[in-house]
Number of protein chains: 2
Amino acid sequence: MSDDARPRPVTRADVARYAGVSTAVVSYVLNDGPKAVAPLTKERVLDAVRVLGYRPNLAARALSKGQADMLGLLVNDNRNPFFAELCHALDQASADRSKQLLIVNSDRMQVTTSEQIRDLVSRQVSGLIIASVLTAGEQALVETLNIPTVMIGQFGDTDGLAGVGVDFAAGARMGVEHLIEHGYTDIAFIGSAARHDGRERGWREALGAAQLTPGALVHTTFSYEGGYDVGQQLARGDALPRAVLAASDQIATGLLTALRQGGVRVPEDVAIVGFDGTTAVDYVWPRITTVVQPREQMAETAIRALLEPDTVPRYVEFATQLRVRESCGCSVTD
Amino acid sequence: MSDDARPRPVTRADVARYAGVSTAVVSYVLNDGPKAVAPLTKERVLDAVRVLGYRPNLAARALSKGQADMLGLLVNDNRNPFFAELCHALDQASADRSKQLLIVNSDRMQVTTSEQIRDLVSRQVSGLIIASVLTAGEQALVETLNIPTVMIGQFGDTDGLAGVGVDFAAGARMGVEHLIEHGYTDIAFIGSAARHDGRERGWREALGAAQLTPGALVHTTFSYEGGYDVGQQLARGDALPRAVLAASDQIATGLLTALRQGGVRVPEDVAIVGFDGTTAVDYVWPRITTVVQPREQMAETAIRALLEPDTVPRYVEFATQLRVRESCGCSVTD
């Protein structure tokens, strides 16, 4: 069928004529107000909408209303349990402020992150939350867009843009200090090779403060597989560390599974502390002791930084907490 | 500041004047085309955009271009690993077709699902994917919107709307039959009380076909906690079933953890088969044997049902597969 043969779009006036009401009444029904419509009339309008195949041009409506009550979130990979929980906390914090949240993944191969940021903004979001590490160019683009933006869960201060994060180095020190209190002296670190990740530094600092020699330093990917691969190598080798700080709960979980599968006991042979504080590591056995990022507080603060920027410092850094379970060697009763 | 005192919005013409270029050139820079702009000129335009605080009205642009290349996804809770993986697969399948995907959670307390569906549609999405169980009223609303819609992962045929799902009853039968092959006769089912969930029926059918009496039937929530609570009760009681089919991997994981914590061995005392085929249950120990929903195929088909509806039946039901690991009692080497 040629373009010319295409039937013209059904309009609100068509719906009004079919239903025998004014176009204003059609609007009241489709917008849930501002005036009430009698149930039978409403039924007649909805029937006309269905019969005629009318599709209200809601983008035009969003435009006429100006800014819509919607925030946009760019997240690297929604499958990572920490980011899944952070997304969910941001969704709740948005709802608390009567804002919707649109979530977009940034890890797809076919589309650049810049295009995804542009697309999100083109949806008339009134603010942008970035839970994905940006390149300098991407960050410059965001600054150009002149839209309130907050970076969340980055490796540190996000100069130029508002940010909410945790002190990764202090969190890592806390985890290592707990392992030292257990009497372990051979403490390895498994994390990513990211240069700005403070966790590796915190591990080193805590060992230095206790005058211990750093144990093995292993770089891997931030995933279950990343931890699993390292665990398989350790289980096969003859140089098991006595304890490990893993830079994420996913790494810790993969590590635990590979060690158990290889006949290594946790915590009797190797003690493990994870990082993130996800729910999932409370549902493996032994449950994993982990450095908790306060995601509800981070989410609430990020949303506030967007909506009431004057009440929030440009960069907010939260402290972490240790959630003690069995993987470090503690006995827990609950 | 009163409304009248608010400065008027900066326009594209202002940017052009400041940068000393035509408004067309400003458009080329902001739209990445259609004509190329010399790097220095581009720099000057971006500088003007920054200095003046210009924010292109991208919603107007989306409107003038007509339908934007964006699909909307409504999901019940993005933290559930199965839905997180399904979201991710849908995101990839959308990207394969050069479509963006906007994700919205539907489990928030403050906003009704209907409002969230309306909001998604008002973002000019060209299609809607629903991965959340709707009420009859919500489904009627969706039908009224006259936007291509596909339901994914529902309990069965989604009459009236296009749908993609799996045969839950056949999947459950497959899981139970595997447990029966191991020689277990006392096989319990742990699942939700949802009336339309075919998994409970499949469990019953498989036992009936093998002339076995149904074991315990326990209803709980679809969550780690739901499985954990049941596991704690079982571990404390004196009537352990020999084997369990859990209706989701999250339930299976919570169950496994509570049993291990309570000193019950898996699979030696209680064998477990889960349902979903999430990545996470390959990273607990013992790894959980599970009935796999083919999420990549489901996602690909759902996107095709939206974009090329004539090539896809109105309802597509996929078969499940069993992924055999150690929790059922099998020995696996990999």
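Below, each value reflects all heavy atoms present in this structure, side chains not excepted, and no hydrogens, waters or symmetry copies. Protein chains get the first letters and strands the later ones, always in sequence-line order, with residue 1 at the start of each.
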> Out of curiosity, Q261(A) CD to R287(B) CZ, how far, rounded to the nearest 0.5 Å?
Replying inline: 4.5 Å

> Where on N80(B) is there a heavy atom nearer than 4.5 Å to chain A: the side chain, the backbone, both, or neither?
Replying inline: neither

> Top residue by heavy-atom pair count (under 4.5 Å) with chain A, among A280(B), G72(B), P286(B)?
Replying inline: A280(B)

> Quick one: of T279(A), L256(A), D77(A), who has the most non-hydrogen atom pairs under 4.5 Å with chain B?
Replying inline: D77(A)

>> What part of Q250(A) gets within 4.5 angstrom of chain B, counting heavy atoms only: side chain, backbone, both, or neither?
In response: neither

> Relative to chain B, which of R260(A), E85(A), H88(A) shows the most heavy atom pairs under 4.5 Å?
Replying inline: H88(A)

>> Tell me which of these, V104(A), N78(A), V284(A), has more heavy-atom pairs under 4.5 Å with chain B than the rest.
In response: N78(A)

> Quick one: CG on N105(B) to CD on Q92(A), what's the gap to the nearest 0.5 Å?
Replying inline: 8.0 Å

>> Let me confirm one number: the OG1-CZ distance from T278(B) to R79(A), rounded to the nearest 0.5 Å.
In response: 12.0 Å

>> Using heavy-atom distances under 4.5 Å, tell me whether L102(A) contacts chain B through its side chain, its backbone, both, or neither.
In response: both

> What class does the angle between the rings of Y224(A) and Y283(B) fall in, given that below 30° is parallel, 30 to 60° is tilted and above 60° is perpendicular?
Replying inline: parallel

>> Between A258(B) and chain A, with a heavy-atom cut-off of 4.5 Å, which part of the residue counts as in contact: side chain, backbone, both or neither?
In response: neither

